[in-house]
2 protein chains.
Amino acid sequence: MTTAATDKRRVILDAAVRVFARQGFHTCRVSDIADAAGVAYGLVYHYFSSKEQILDTLFLERWDVMLAAIAEADASPRPPQEKLEAIAGFIIDSYRHDPELMKVIIVEVTRAANTFGLTHLAKIREAYAGIAAIVAKAQSDGRFRAEVTPEFAAQAFYGSVEQVLTGWIFDSVAVSEAELERAKTMIVDTICRGLERRGPNPAGESA
Amino acid sequence: MTTAATDKRRVILDAAVRVFARQGFHTCRVSDIADAAGVAYGLVYHYFSSKEQILDTLFLERWDVMLAAIAEADASPRPPQEKLEAIAGFIIDSYRHDPELMKVIIVEVTRAANTFGLTHLAKIREAYAGIAAIVAKAQSDGRFRAEVTPEFAAQAFYGSVEQVLTGWIFDSVAVSEAELERAKTMIVDTICRGLERRGPNPAGESA
DNA sequence: TGCCACACTGACTGACCAGTCAATCGAGGG
DNA sequence: CCCTCGATTGACTGGTCAGTCAGTGTGGCA
């Protein structure tokens, strides 16, 4: 069953990523997607009920993977810094693997307050909540200081990551592997330092 | 000369803010703006050459004030933490004063990579560069550690602020004065802690 | 009083495009 | 060899909307 039928659907989705990334959701035509996919116009409507549903599908596909990554990080027994590093790493790897898809998700969904974003607001908030939960746990462990609310810390963390990606997206210059790794380290380093307690700060922490 | 003529122009701009904030730039009609301004359709084109130029004007008006605020902070003799606090304060005050305008700028311009953002990319980058300059200076002073590049620090800082605003924008719940102030403190605190050197912990600290 | 310049009006048009649908293709099964 | 059914095609339609333009109202000035 995962033959030609499903293949074409996939081809259309992949073409849509390229078209949305280049022209933007609102500016592109459905025929652009069909052309990019090498498929007749009508076939797009055979697989999707509307232009919006294509974007919908792209977002949900990827975001669900991200929510799983956050949940997995949260569930692991590692220290909070490493959990956050895993999340930042996941997001940056997503960009490494498919920069155009990340561009579409960030530009057209995550920030598209009015039209599209509202539909997926709950999903988006789930991610913030997952990160906040990690911070909250770190605070009650005494590893992170309590002056900063977990919700705020989550926004600051996610915002930093997304802004760094946005910078790359707009520069339209390929980012080297080294830069990607370096960025991950810098984000996690900076934010974790900002959140950590300072008092007893030995190598082998023991609150 | 700053009579009725200029007034109507202003009325149209203010109406556009409300309309863009509620419906989004791409989704709204020019007639919506004219209606909201209580003005004939054609008058919009008397003052502006296109729908896009309205957004253009709104963005530039506000962004230039922000660039000035950044430059002023940079020029002051205060420590870097206070400079960054002034900038975060300016952005948050902008939101306090006109949340709808900030929504439009963030959602429709700052993140609108494809169509609109590119036009103003240079202006937007100027802001990042201004913040980066402050960080760079703080690093050569020895107040901030050098492991994090100034460009990255600027992105992380600005990204945190913008993400917190985005959170408020989407919540569509009025934010209290106290929360606004608290957010400012938390952002600056967190990021500055993340950027500071740790070694000697002199009396520059709030203690 | 007459005239000009310009703010202002809103009906109209030309272009564009999302979504529809009737027709064609082709694989598999009888 | 024909029939069926889902995949596939692309011309067409209905509606929308940015931008135009011919015209009206009015304040100021000679």
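Side chains included, hydrogens not; waters and symmetry mates left out as well; all remaining heavy atoms used. The shown structure was predicted, so the numbers you read here are calculated from the model rather than taken from an experiment.
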Criterion side-chain contact (heavy atoms from CB on, under 4.5 Å) on B/I124 and B/F59, from CA distance to verdict: CA-CA 10 Å; B/I124 294 170; B/F59 167 73; 3.9 Å; yes
How do A/G42 and B/E52 order along DNA chain D: which one's closest nucleotide is nearer the 5' end? A/G42
Are any of the side-chain heavy atoms of B/Y158 and B/I87 separated by less than 4.5 Å? no
Check whether any side-chain nitrogen or oxygen of A/Y47 sits under 4.0 Å from OP1 or OP2 of D/dT8, and answer yes or no. yes
Using whole Å, report how far CD of A/Q23 lies from P of C/dC17. 10 Å
Tell me whether B/Q53 at atom CD has more than 12 heavy atoms from other residues, nucleotides or ligands lying less than 6.0 Å away. yes
How long is the line joining CD1 of A/I33 and P of C/dG19, in whole Å? 10 Å
Just call it for B/V44: base, sugar-phosphate, or nothing, with non-hydrogen atoms closer than 4.0 Å on any strand. nothing
What nucleotide among D/dT9, D/dG19, C/dG19 has an atom nearest to a side-chain atom of A/A40? D/dT9
Check whether B/Y47 forms a cation-pi arrangement with B/K8 (NZ or CZ under 6.0 Å from the six-membered ring centre, at most 45° off the ring normal). no
State whether B/H46 places a side-chain N or O below 4.0 Å from either non-bridging phosphate oxygen (OP1 or OP2) of C/dC8. no
Output the rounded distance in Å from CZ (A/R29) to C1' (D/dT16). 16 Å
Examine C/dA7: is either OP1 or OP2 under 4.0 Å from a nitrogen or oxygen in the side chain of B/K8? Give yes or no. no
Just how far, in rounded Å, is C1' of D/dG19 from CD of B/Q53? 13 Å
For B/S160 and B/Q163, does a side-chain donor sit closer than 3.5 Å to a side-chain acceptor? no
Is the distance from OP1 or OP2 of D/dG19 to the nearest side-chain N or O of B/K51 less than 4.0 Å? no
Between C1' on C/dC25 and CG on A/L43, what's the gap in Å once rounded to a whole number? 13 Å
Expressed in angstrom and rounded to an integer, what is the separation of A/H26 atom NE2 from D/dA18 atom C1'? 17 Å
Heavy atoms under 4.0 Å, any strand shown: does B/S49 hit a base, just sugar-phosphate, or nothing? nothing
Grab the CD1-P distance between B/I12 and C/dT9 for me, whole Å please. 9 Å
In whole Å, what is the span from the CZ atom of A/R9 to the C1' atom of D/dA7? 15 Å
Can you check whether A/Y41 has a side-chain N or O nearer than 4.0 Å to OP1 or OP2 of D/dG10? no
